[in-house]
Q: 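Pasting in a structure now, in structure tokens, and then I'll have a few things to ask.
All values reported here derive from a predicted model rather than from experimental measurement. Each chain gets a letter, A, B and so on, in the order the sequences are listed, and its residues count up from 1.
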Amino acid sequence: MTPLLAVEDLSVTFARNGLLSRLINPFPLPSFNVIDGVTLSLMPGETLGLVGESGSGKTTLARTILGLVRAAAGRIVFEGREVRTPADFRAMRRRSAMMFQDPVASLSPRLRIGTLLTEPRIIQGVPMPDRRAAARALLALVGLPASFVDRFPHELSGGQARRVGVARALAMKPHLLLADEPTAGLDVSVQGDVLNLIGELQRELGFAAMIVTHNLAMIRHVSDRLAIMYLGRLVETGPTRDVFAAPMHPYTATLIQSEPVPDPRRRSRNPAVTGEIPSVFRRPSGCEFHTRCPIARDRCKTEAPACRPMGADRMVRCHFPLETGGQEREAFSRASANQRGN
Amino acid sequence: MSGSLAASDLSVRYETPHGAVHALRHVDIEAHPGEVIGIVGESGCGKSTLVTALANLLPANARIEGSICYNGVDLAKLDADRQRLLRGDEIALVSQDPMTAFNPVLTIGDQLVDFQHHRKDLGRAQKRSRIAAMLDRVGIADAERRMDCYPHELSGGMRQRVAIAAALLTDPGLLIADEPTTALDVTMEAQIIHLLRELRREYNGIIIVVSHHLGVIAELCDRVYVMYAGEVVEGGEVDAIFHDARHPYTQALLACDPARFHERLERLPTIPGTPPNLTLPPSGCVYAPRCDRAFAPCVSVAPPLVKLSTSHVARCHAVTP
Ligand SMILES: Nc1ncnc2c1ncn2[C@@H]1O[C@H](COP(=O)(O)OP(=O)(O)OP(=O)(O)O)[C@@H](O)[C@H]1O
Ligand SMILES: Nc1ncnc2c1ncn2[C@@H]1O[C@H](COP(=O)(O)OP(=O)(O)OP(=O)(O)O)[C@@H](O)[C@H]1O
Ligand code: SF4
Ligand code: SF4
Ligand SMILES: [Mg+2]
Ligand SMILES: [Mg+2]
């Protein structure tokens with residue numbers, strides 16, 4: 001089967017300074033890679049979870065895939081055809097839907113919810129004899145009262161705005177859904193509703209989804225595969241179940257271990273890792289996780305690890321992956337033993 | 001200066017062309033120095049309304065009733081200037097939507113300097129070095145350079161951390177954080193939780209945290225208020241809420257947390273039904289249409305707040321002490 005979406009060796013570069021400082025400073029400073037050599041693919045109907053550090057480039061990756069940010073290098077292939085020109089990206093965007101991270105800010109403040117919900121389809125040229133009825137049906141789909149058609153975005157709570165975002169995205173009947181933190185700010189019950197809804201529509205319409213999130217408890221239930229990102233590079237990919245059962249990259253293992261547990265009797269004593277997140281302005285040498293990695297060795301400081309295939313559908317970018325029964329896994333458990341009390 | 005906070009019989013409604021939205025109804029909460037208070041509840045149940053009312057930042061179409069006392073002073077009885085002064089210096093709110101907290105055309109360094117306008121004793125250079133130190137504590141590397149960034153040049157989670165740093169720079173007696181960790185990965189979330197715990201020890205102020213993440217509440221808070229449809233339906237020590245929840249809504253909410261399930265679920269658990277329309281709040285129990293334990297009086301008679309122990313309360317006809 002050919003993938004619906006394939007991203008090959010994608011890199012994105014931002015200029016180091018804004019326009020103003022470039023005008024003031026005639027000597028351009030070097031630019032930096034926000035996304036560096038990302039390769040991933042998405043099968044029709046599949047759900048990929050993209051998890052990573054804040055600022056690691058997840059939103060930028062999603063925006064680049066849709067052509068909203070220009071790639072410096074690499075290829076994007078959608079439904080078997082390379083996407084290159086602005087016209088290609090426009091065609092791809094017509095078959096895709098994006099749910100943005102910032103729900104209120106992504107809705108135009110001057111438009112009423114009813115208009116916001118139906119506008120994308122009108123722009124696509126879908127005939128809609130009764131816009132209000134269509135909007136009310138979409139609101140019902142995401143569990144909001146019909147009276148919301150006349151409200152403005154600022155009159156909604158954070159969670160209500162996010163549900164409007166889901167309704168807007170799914171109204172497009174997309175082939176590909178890119179959802180950036182689709183349930184951040186929702187209570188667990190509404191989060192369940194939103195994800196069950198996406199799942200149902202996905203089974204019905206067969207679209208593929210990439211869900212960007214920080215929420216591990218949620219993503220383990222809704223994704224087939226996981227990609228873990230750190231400072232603009234993928235550090236581990238694999239089937240969700242396998243990654244959770246036995247994380248191989250120390251960053252992935254740290255993430256899983258740091259998750260707050262909903263039980264006050266099992267509070268963590270110490271954060272599993274401390275230290276600041278390094279910045280893309282100044283990438284650490286060697287492996288970029290070495291400044292926080294509990295099992296870093298000398299080699300990690302100088303030599304950047306390459307992507308290592310681990311079995312058919314698994315990749316890890318680490319010199320000392322945590323293999324089951326291996327001494328690295330033991331060293332990792334020892335290093336982080338004191339973290340949670342109970 | 002830090003003191004206790006008490007809101008009594010607090011109600012807020014929003015005036016809209018389609019009628020008033022009764023977003024908060026007869027809410028009582030209290031918080032004491034050194035406490036971390038958690039607020040949880042359904043999306044749209046009035047959590048942000050409550051904390052924005054505490055910080056005096058409600059929008060113009062909001063009407064407020066009831067009283068908010070801080071440090072023994074009824075804030076409503078102060079004149080507007082003194083209110084603003086007290087709230088500006090003593091009460092800091094990290095809002096849910098960090099993008100809206102910043103001015104898009106100023107660098108974050110300049111904005112954080114302005115946040116310290118009450119510190120007349122500090123020069124600009126000193127203010128900048130306090131900022132660098134605070135950014136460092138919230139895990140922003142390369143703080144000196146980040147100060148020259150504009151808000152849109154930061155990722156969502158970085159903006160959230162800068163907003164937390166901004167609030168802490170004012171040395172507030174009452175720090176309110178609305179969803180402080182939603183945009184952060186769990187390692188950063190854990191670091192922020194530990195930072196807030198340390199701060200609580202250091203400065204003996206009050207911290208109020210609104211979060212949908214039950215794990216964050218369990219890790220961080222001493223006491224928890226559970227809200228539903230504009231009312232506080234249960235309140236108590238964090239251990240009582242997580243291990244001895246008595247209100248049917250609290251029980252249902254805890255049961256929906258996907259963190260409780262390790263094997264992949266085909267469908268995530270949810271609470272069937274939708275919350276009531278807040279333009280016409282029901283006369284009986286607000287949770288009755290969704291409650292699996294509802295019985296005759298629930299639909300017509302508003303349930304009383306039942307005292308289950310010295311600190312544990314629940315608003316339900318079916319609970320007994
Ligand atoms: N327009 C821009 N100009 C310069 N730098 C930018 C711009 N947009 C993003 N960046 C930088 O690119 C990096 C990645 O940002 P991005 O928003 O993709 O992160 P993210 O993984 O989505 O983070 P989060 O989880 O916090 O949302 C950050 O260091 C950010 O500061
Ligand atoms: N300015 C406004 N005008 C009219 N109604 C409003 C306004 N702001 C909020 N509301 C309504 O008041 C209710 C409470 O909103 P609030 O933002 O306090 O909820 P919340 O508990 O913080 O929700 P979330 O968890 O989704 O952030 C919601 O039903 C919302 O639609
Ligand atoms: S390469 Fe070294 S520093 Fe990097 S994750 Fe692996 S063990 Fe840790
Ligand atoms: S008062 Fe009745 S309807 Fe309300 S929560 Fe209690 S049992 Fe359920
Ligand atoms: Mg992002
Ligand atoms: Mg809110």
Q: For each of A:Thr60, A:Leu186, A:Val190, tally heavy-atom pairs with chain B at distances under 4.5 Å, and name the one with the top tally.
A: A:Leu186

Q: Between B:Val21 and chain A, with a heavy-atom cut-off of 4.5 Å, which part of the residue counts as in contact: side chain, backbone, both or neither?
A: side chain

Q: Pairs in or reaching into residues 179-201 of chain A: which pass salt bridge (Lys or Arg N to Asp or Glu O under 4.0 Å), with residues at least two apart or in two chains?
A: A:Glu200-B:Arg267

Q: Grab the two heavy atoms, one from B:Glu263 and one from A:Arg241, that are nearest each other, plus how far apart they are.
A: OE1-NH1, 3.9 Å

Q: Based on non-hydrogen pairs under 4.5 Å, which of A:Thr59, A:Thr240, A:Asp150, A:Asn215 is most in contact with chain B?
A: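 Looking at each option in turn, the highest pair count goes to A:Asp150.
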
Q: Sort A:Leu255 into side chain, backbone, both or neither according to what part of it lies under 4.5 angstrom from a heavy atom of chain B.
A: both

Q: With a 4.5 angstrom heavy-atom cut-off, which part of B:Glu179 approaches chain A: side chain, backbone, both or neither?
A: side chain

Q: Take A:Asp263 and B:Arg260 through the test salt bridge (charged side-chain N to carboxylate O under 4.0 Å, His left out) and record every step on the way to the result.
A: CA-CA 10 Å; A:Asp263 182 353; B:Arg260 295 160 45 98; over 6 Å; no

Q: Distance from A:Phe152 atom CZ to B:Thr16 atom OG1, nearest 0.5 Å?
A: 11.0 Å

Q: Could you have a look at B:Ala23, B:Cys221, B:Pro269, B:Gly46 and say which one has the most heavy-atom pairs with chain A under 4.5 angstrom?
A: B:Cys221

Q: If the condition is salt bridge (Lys or Arg N to Asp or Glu O under 4.0 Å), which residues does A:Arg112 pass it with, not counting sequence neighbours?
A: none

Q: For A:Arg267 and B:Ala218, which heavy atoms make the closest approach, and how far apart are they?
A: NE-O, 2.7 Å

Q: In chain order, what residues pass the ring pair (Phe, Tyr, Trp, His ring centres under 6.0 Å) check against B:Tyr225, with sequence neighbours excluded?
A: none

Q: Between A:His221 (side chain) and B:Phe261 (backbone), is there a donor-acceptor pair under 3.5 Å?
A: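 Checked: pair present.
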
Q: How many angstroms lie between atom CD of B:Glu219 and atom CZ of A:Arg266, to the nearest 0.5 angstrom?
A: 9.5 Å

Q: Given a strict heavy-atom distance threshold of 4.5 Å, which part of A:Phe244 is in contact with chain B: side chain, backbone, both, or neither?
A: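 When you check distances to chain B, no heavy atom of A:Phe244 falls under 4.5 Å.
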
Q: Do A:Pro264 and B:His243 touch side chain to side chain, with heavy atoms closer than 4.5 Å?
A: yes

Q: With a 4.5 angstrom heavy-atom cut-off, which part of A:Leu144 approaches chain B: side chain, backbone, both or neither?
A: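 Neither part, no heavy atoms under 4.5 Å.
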
Q: So which bits of residues 250-259 of chain B come within less than 4.5 Å of chain A, counting non-hydrogen atoms only?
A: B:Leu253, B:Cys256, B:Asp257, B:Pro258, B:Ala259

Q: At their closest point, which heavy atom of A:Gln160 faces which heavy atom of B:Gly44, and how far apart are they?
A: NE2-CA, 4.1 Å

Q: Please classify the contact between B:Cys45 and chain A as side chain, backbone, both or neither, with a heavy-atom cut-off of under 4.5 Å.
A: neither

Q: Quick check on the interface: out of B:His262, B:Arg197, B:Met158, who has the most heavy-atom pairs with chain A under 4.5 Å?
A: B:His262

Q: For A:Ser223, is it the side chain, the backbone, both or neither that has a heavy atom under 4.5 Å from a heavy atom of chain B?
A: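 Answer is backbone: N, CA, C or O of A:Ser223 sit under 4.5 Å from chain B.
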
Q: When heavy-atom pairs shorter than 4.5 Å are enumerated against chain A, which of B:Thr274, B:Ile193, B:Val238 gives the highest number?
A: B:Val238

Q: Measuring heavy-atom distances to chain B, does A:Val222 have an atom under 4.5 Å in its side chain, in its backbone, in both, or in neither?
A: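 Looking at A:Val222, backbone and side chain both touch chain B.
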
Q: Assess the residue pair B:Arg264 and A:Asp224 against the criterion (side-chain contact (heavy atoms from CB on, under 4.5 Å)); give the C-alpha distance rounded to whole Å, side-chain angles, the decisive distance to 0.1 Å, and a yes or no.
A: CA-CA 10 Å; B:Arg264 181 170 181 173; A:Asp224 305 305; 3.2 Å; yes

Q: Kindly say whether A:Gly192 contributes a backbone atom to a donor-acceptor pair with the side chain of B:Thr270 at under 3.5 angstrom?
A: no

Q: Kindly indicate, with the supporting measurements, whether the criterion side-chain contact (heavy atoms from CB on, under 4.5 Å) is fulfilled by B:His18 and A:Arg151.
A: CA-CA 9 Å; B:His18 316 283; A:Arg151 289 232 191 149; 5.6 Å; no

